[in-house]
Colleague: 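The structure follows.
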2 protein chains.
Amino acid sequence: MDNKKPLFVIKIGGNVIDNSENLHYFLKDFSTLPGDKILIHGGGKIATDLSHTMGIEPKMVDGRRITDIDTLRVVTMVYAGLINKNIVAQLQRYQCNAIGLTGADGNLIRATKRPVKDIDYGFVGDLSPSSVDRNKLDEILQTGVVPVFSAITHDGEGQLLNTNADTIASTLAIALSSLYQVSLVYCFEKKGVLLDVADDNSVLREISSSDFDRLKAENIIAGGMLPKLQNAFQAINSGVSEVYIGKSEELEMLGKEQFGTRLFA
Amino acid sequence: MDNKKPLFVIKIGGNVIDNSENLHYFLKDFSTLPGDKILIHGGGKIATDLSHTMGIEPKMVDGRRITDIDTLRVVTMVYAGLINKNIVAQLQRYQCNAIGLTGADGNLIRATKRPVKDIDYGFVGDLSPSSVDRNKLDEILQTGVVPVFSAITHDGEGQLLNTNADTIASTLAIALSSLYQVSLVYCFEKKGVLLDVADDNSVLREISSSDFDRLKAENIIAGGMLPKLQNAFQAINSGVSEVYIGKSEELEMLGKEQFGTRLFA
């Protein structure tokens, strides 16, 4: 049996952050999760809105958003400042001793600027298993605080980098799985992996790696769910004990009743 | 003799932050200070510039700036996001394992929203000696990281509050003086307390509480220096071992040669 302490690594998506009522509901439930936990949050539409206000045109190449230097300034302000610190203040209100972080803080997550191949994505960070300083993060967890990460990392040379929040969540979960029995939970606006995107009652309660391959081939799982599930399966195949994908408002059901979709290798 | 461990509590002013060359020079010197240290940074003009860009008019009452809800959003983005995380990333580059914080993080500094008397200052936080959780901050220091505070605190009820950085510095220094032998250092753009504001060579090497009263009465010390020195004398009268005020570019002289003005009770 596994004698490691349990740890929840929970990612909350941008759509939930845009809805302050849903966000507060989620944060209240998050604060009541027992034991050690880490929150990773996405960005939402506030950064896009602020860019518009500031007259910064979103730069897209082949439909992919580019993080130029102005966009990096905006996401650093919105993700690491506005959203992160408001989440922390709300969690404090619920007696959850949160501490808001980027990957630069404590040198906890060191990324590599994405190499330029066909597209120059700009100031975007890529992660590897060795990106996380698991011992320093463990030391911080052991002071009893709850780390809340925004999707900003750094390269160790003074450069901040915009980094995918789903990938940060799975990378943290994998890195800490040698020290903790990690449950990785992706919370978003849907009830889980749906067989019919239009029907919230078509939730798959379980999905295996081979199910995923089949549903992908049949085009039943597509779009934004693909990278999310790829991240999630990578975690389950790399030492993470449990992985779930489900609705932020149902987080309280985690560990009690059925929550979202559970992934299996 | 005092057997407590030494700790530097260093405040860097807004004018230095506006000059990226001076800021980098300062951060490099800060990173080489031996032992435990804490940095507190002010805001600079970036928040004012962003407010203008966003069409937010600065609200002034009797010449004092008011932090309304839009201004609070801006300073949270700029102080806790843009400036704080860029300082942290630069310090990481200099092998200084910084961690960027607000008072909400770890519930380290809990403020009270300033009561409305003649003027409603809006979302501004006032501090008291009991505002700081010295034990939690000590635990964090003992993990070997260097806290970098922006001038944002919270009320414990979910509300972030804009808070004077000089006051945060003296309040932290006083709170930690029961655990550490604290040197409090205010770094700004002048060489120290000047007898003639126009002459950078008129630095007072020492100033006592009675000198301060006399120079204040003679109107030789006036303007922004008054609250800064009041904060500083409060620290020296409340258990802080050493207090200095001096030029950010001369920080390397601290403890070696004469640095700025030293305060005495």
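Below, read A as the first sequence line, B as the second, and so on, with proteins coming before strands; counting in each chain starts at 1.
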Colleague: Need one label for A:N86: side chain, backbone, both or neither, based on atoms under 4.5 Å from any heavy atom in chain B.
Modeller: both
Colleague: Under a 4.0 Å threshold between the charged nitrogen and the carboxylate oxygen, would B:D155 count as salt-bridged to B:K113?
Modeller: no
Colleague: Give a yes or no answer on whether the side chain of A:K37 reaches the backbone of A:L33 with a donor-acceptor pair at less than 3.5 Å.
Modeller: yes
Colleague: Find the one option among A:Q95, A:H154, A:E139, A:R110 whose heavy-atom pairs under 4.5 Å with chain B are most numerous.
Modeller: A:E139
Colleague: Looking at A:N22, A:L251, A:L91, which hits side-chain contact (heavy atoms from CB on, under 4.5 Å) with A:L27?
Modeller: A:L91
Colleague: Without swapping roles, check the side chain of B:N84 against the backbone of B:V148 for a donor-acceptor pair under 3.5 Å.
Modeller: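 Pair found, side chain donor or acceptor close to backbone of B:V148.
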Colleague: Checking heavy atoms, do the side chain of A:L50, its backbone, both or neither come under 4.5 Å from chain B?
Modeller: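 Just its side chain gets close to chain B.
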Colleague: Please rank B:V75, B:N107, B:T53 by heavy-atom pairs under 4.5 Å with chain A and give me the top one.
Modeller: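 Most pairs with chain A among the choices: B:N107.
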Colleague: Any sub-3.5 Å donor-acceptor pair from B:Q92's side-chain atoms to A:G156's backbone N or O?
Modeller: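 Side chain of B:Q92 to backbone of A:G156: no pair is present.
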Colleague: Less than 4.0 Å between a side-chain N and a carboxylate O, is that true for A:K59 and A:D68?
Modeller: yes
Colleague: Can you list the residues of residues 161-171 of chain A that sit under 4.5 Å from chain B, counting heavy atoms only?
Modeller: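 Within residues 161-171 of chain A, near chain B: nothing under 4.5 Å.
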Colleague: Quick one: which of B:A80, B:G106, B:A104 has the most heavy-atom pairs under 4.5 Å with chain A, could you say?
Modeller: B:G106
Colleague: Based on non-hydrogen pairs under 4.5 Å, which of A:L72, A:V88, A:V145, A:T143 is most in contact with chain B?
Modeller: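 Of A:L72, A:V88, A:V145, A:T143, A:T143 has the most heavy-atom pairs under 4.5 Å with chain B.
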Colleague: Hey, which of A:T76, A:L160, A:I152, A:D105 has the most heavy atom pairs under 4.5 Å with chain B?
Modeller: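 Most heavy-atom pairs within the cutoff with chain B belong to A:D105.
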Colleague: A:H41 and A:Y79: which non-hydrogen atoms are nearest, and at how many Å?
Modeller: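 The pair with the smallest heavy-atom distance is CE1-O, 3.4 Å.
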Colleague: Only pairs of heavy atoms separated by less than 4.5 Å count here; which of A:M54, A:Q159, A:Q142 has the most with chain B?
Modeller: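 With the most close heavy-atom pairs to chain B, the winner is A:M54.
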Colleague: Find out whether the Lys NZ or Arg CZ of B:K247 is both under 6.0 angstrom from the six-membered ring centre of B:F188 and within 45° of the ring's axis.
Modeller: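 Pair B:K247/B:F188 does not count as cation-pi.
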Colleague: Any chance NZ of B:K136 has more than 12 other-residue heavy atoms, nucleotides or ligands included, within less than 6.0 Å?
Modeller: yes
Colleague: Would you say CZ of A:R114 has more than 12 non-hydrogen atoms from neighbouring residues, nucleotides or ligands within 6.0 angstrom?
Modeller: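 Check passes, neighbour count above 12.
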Colleague: Please identify, among B:A98, B:G55, B:G158, B:A89, the residue contributing the most non-hydrogen atom pairs under 4.5 Å to chain A.
Modeller: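 Among the listed options, the one with the most contacts to chain A is B:G158.
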